[in-house]
Amino acid sequence: MILETKKLVKEFGKLLATNNVSFSVNEGDIHAIIGPNGAGKSTFFNLITGYHFPNSGKVFFKDKEITKLPPYRRCRLGITRSFQITSIYPKLTVYDSILMALLSRQKATLNLFSSAEKYFREEVWGILEDVGLADQAHVNGDSISHGDKKRLELAVTLGTKPELLLLDEPTCGMSPEETESIMIMIKNLVDKKGLTILFTEHDMGVVFGIARRISVLHQGSLIADGTPEEVRASEEVQKVYLGGAA
């Protein structure tokens, strides 16, 4: 396995956001975390990526404990995250946004921008092709569509060379056509680059269409974990979340 948590507890005052969550993700998998609003999904993502530290419990990445590491150190180890609200460089071109990510990975500075562009040119164009943005390379980030902004954010995360990529609502705000397109792209990235994907998503069509394994949180506790077929058949999951609709 690439990621494991052991009995993670996170409290915010009297609120128990995660309750003894023990969980694992297999390398090369596409793993979904679902649950109703307030289930603890965002908090759990923050514990994995270092934006929160647990009150108790441990986090392991490739068998190394990372419980107290800050986000930038986890990123250098190979854990990268995208957010539900798209975060890009609006005044940079699509090409330069990806170049910035590569510079950051190499700890380079803007003073080296010109020479770095030549060094990273092939890699930037490779990422642009992977996410389907090569034809918009020289367009500013604030001038592309919402769906393409999501692609650009994913491209920037790829610039950090992640092994484990966490996606928070990757299809939020997209049209059905955009949703289908980006999920196909994510599947292709897993196969081509050997990525492991952990994602949250409210669109059950997306979840059951792409996830190879699904975990369900409810009121901070893990109530189900298994294949899509196993989760779909769970009476407890049907009761608290799927409502018999899946």
Side-chain angles (χ1 to χ4, degrees), residues 17 30-46 48-49 51-52 71 75 79-98 100-101 127-160 162 164-190 193 195-218 228 231 241-243 245-246:
I30 304 175
H31 194 134
I33 298 178
I34 64 174
N37 290 332
K41 303 184 297 295
S42 293
T43 298
F44 188 56
F45 260 39
N46 286 336
I48 293 170
T49 52
Y51 290 92
H52 293 325
C75 183
I79 302 174
T80 303
R81 176 183 181 179
S82 72
F83 292 86
Q84 181 177 350
I85 299 174
T86 304
S87 177
I88 60 173
Y89 306 108
K91 298 305 179 183
L92 285 182
T93 66
V94 169
Y95 182 98
D96 286 344
S97 294
I98 301 170
M100 287 288 290
I127 293 173
L128 286 167
E129 292 287 349
D130 287 337
V131 301
L133 288 176
D135 61 339
Q136 300 198 66
H138 302 300
V139 178
N140 281 7
D142 60 359
S143 298
I144 60 178
S145 70
H146 174 73
D148 284 342
K149 286 176 182 176
K150 284 283 191 177
R151 288 175 178 271
L152 176 55
E153 185 178 37
L154 183 56
V156 170
T157 66
L158 292 176
T160 67
L164 173 63
L165 180 57
L166 282 75
L167 305 176
D168 190 354
E169 300 282 351
T171 69
C172 180
M174 290 187 177
S175 68
E177 294 77 14
E178 289 174 327
T179 294
E180 181 180 8
S181 177
I182 201 165
M183 297 319 290
I184 290 172
M185 181 192 71
I186 289 171
K187 280 184 178 180
N188 290 338
L189 287 172
V190 169
K193 295 184 176 294
L195 290 175
T196 302
I197 303 289
L198 177 62
F199 73 102
T200 64
E201 179 61 60
H202 279 100
D203 186 330
M204 291 299 99
V206 170
V207 171
F208 285 93
I210 190 174
R212 298 170 185 167
R213 193 167 189 87
I214 301 173
S215 300
V216 186
L217 286 173
H218 178 57
V231 169
Y241 188 50
L242 298 180

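Heads up: numbering here begins at 1 and tracks the sequence.
- The heavy-atom pair separating P162 from L195 by the smallest distance is O-CD2, 3.0 Å.
- Remark: side-chain polar atoms of S181 are not paired, donor with acceptor, to backbone N or O of E177 under 3.5 angstrom.
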Report the C-alpha distance between I214 and H31 in whole Å, list the side-chain angles of each, state the deciding distance to 0.1 Å, and finish with yes or no for side-chain contact (heavy atoms from CB on, under 4.5 Å). CA-CA 6 Å; I214 301 173; H31 194 134; 5.9 Å; no
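- Residues passing the salt bridge (Lys or Arg N to Asp or Glu O under 4.0 Å) test with D130 are K192, K193, sequence neighbours excluded.
- Taking V156 as the reference, S97, A101, L152 meet the side-chain contact (heavy atoms from CB on, under 4.5 Å) condition, with sequence neighbours excluded.
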Under the side-chain contact (heavy atoms from CB on, under 4.5 Å) rule, what do E178 and I182 come out as? Steps first, then yes or no, please. CA-CA 6 Å; E178 289 174 327; I182 201 165; over 6 Å; no
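- Here F44 pairs with F23 under the ring-ring contact (aromatic ring centres under 6.0 Å, His included) rule; sequence neighbours left out.
- Taking every heavy atom of both residues into account, H202 and N37 meet most closely at NE2-OD1, 3.1 Å.
- Considering only heavy atoms from C-beta on, L158 stays 4.5 Å or farther from I98 through its side chain.
- Judged as a side chain to side chain donor-acceptor pair (under 3.5 Å), and not counting sequence neighbours, T196 has no contacts.
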F199 vs I30, side-chain contact (heavy atoms from CB on, under 4.5 Å): CA-CA, chis, key distance, verdict: CA-CA 8 Å; F199 73 102; I30 304 175; 3.8 Å; yes
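- Contact annotation: the side chain of E153 never approaches that of K149 to less than 4.5 Å [non-hydrogen atoms, C-beta and beyond].
- The CG atom of L217 lies 10.5 Å from the OG1 atom of T200; values are rounded to the nearest 0.5 Å.
- Considering all non-hydrogen atoms of both residues, A211 and A32 come closest at CB-CB, 3.8 Å.
- Using a 4.5 Å cut-off on side-chain heavy atoms (C-beta onward), T80 and L166 make no contact.
- Judged as a ring-ring contact (aromatic ring centres under 6.0 Å, His included), and not counting sequence neighbours, H218 has no contacts.
- Legend: residues meeting side chain to side chain donor-acceptor pair (under 3.5 Å) with S143, ordered by chain and number and at least two apart, are absent.
- When the side chain to side chain donor-acceptor pair (under 3.5 Å) test is applied to D142, the partners found at least two apart in sequence or on another chain are K91.
- Using a 4.5 Å heavy-atom cutoff, the side chains of V94 and L128 are in contact.
- Across every non-hydrogen atom of K150 and E169, the tightest pair is NZ-O, 3.3 Å.
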Please tabulate, for side-chain N and O atoms in residues 132-141, each donor-acceptor pair with protein atoms closer than 3.5 Å (sequence neighbours left out).
| from | atom 1 | to | atom 2 | distance (Å) |
| --- | --- | --- | --- | --- |
| Q136 | NE2 | D148 | OD2 | 2.6 |

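- At a threshold of 4.5 Å between non-hydrogen side-chain atoms, the residues L198 and L167 do not count as touching.
- Among residues two or more places apart in sequence or in another chain, the salt bridge (Lys or Arg N to Asp or Glu O under 4.0 Å) test is passed with K187 by none.
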Report the C-alpha separation of M100 and Y95 in whole Å, then their side-chain angles, then the decisive distance to 0.1 Å, and conclude whether the side-chain contact (heavy atoms from CB on, under 4.5 Å) test is met. CA-CA 9 Å; M100 287 288 290; Y95 182 98; over 6 Å; no
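- Considering OG1 of T49 and CD1 of I79, their distance stands at 8.0 Å, rounded to 0.5 Å.
- Annotation: side chain of E180 is not in contact with side chain of M174 (no heavy-atom distance under 4.5 Å).
- Among residues at least two apart or in separate chains, salt bridge (Lys or Arg N to Asp or Glu O under 4.0 Å) pairs with a member in residues 205-215 are D191-R212, R213-D225.
- E201 places none of its side-chain heavy atoms less than 4.5 Å from the side chain of D168.
- Between T157 and R81 the shortest side-chain heavy-atom distance does not fall below 4.5 Å.
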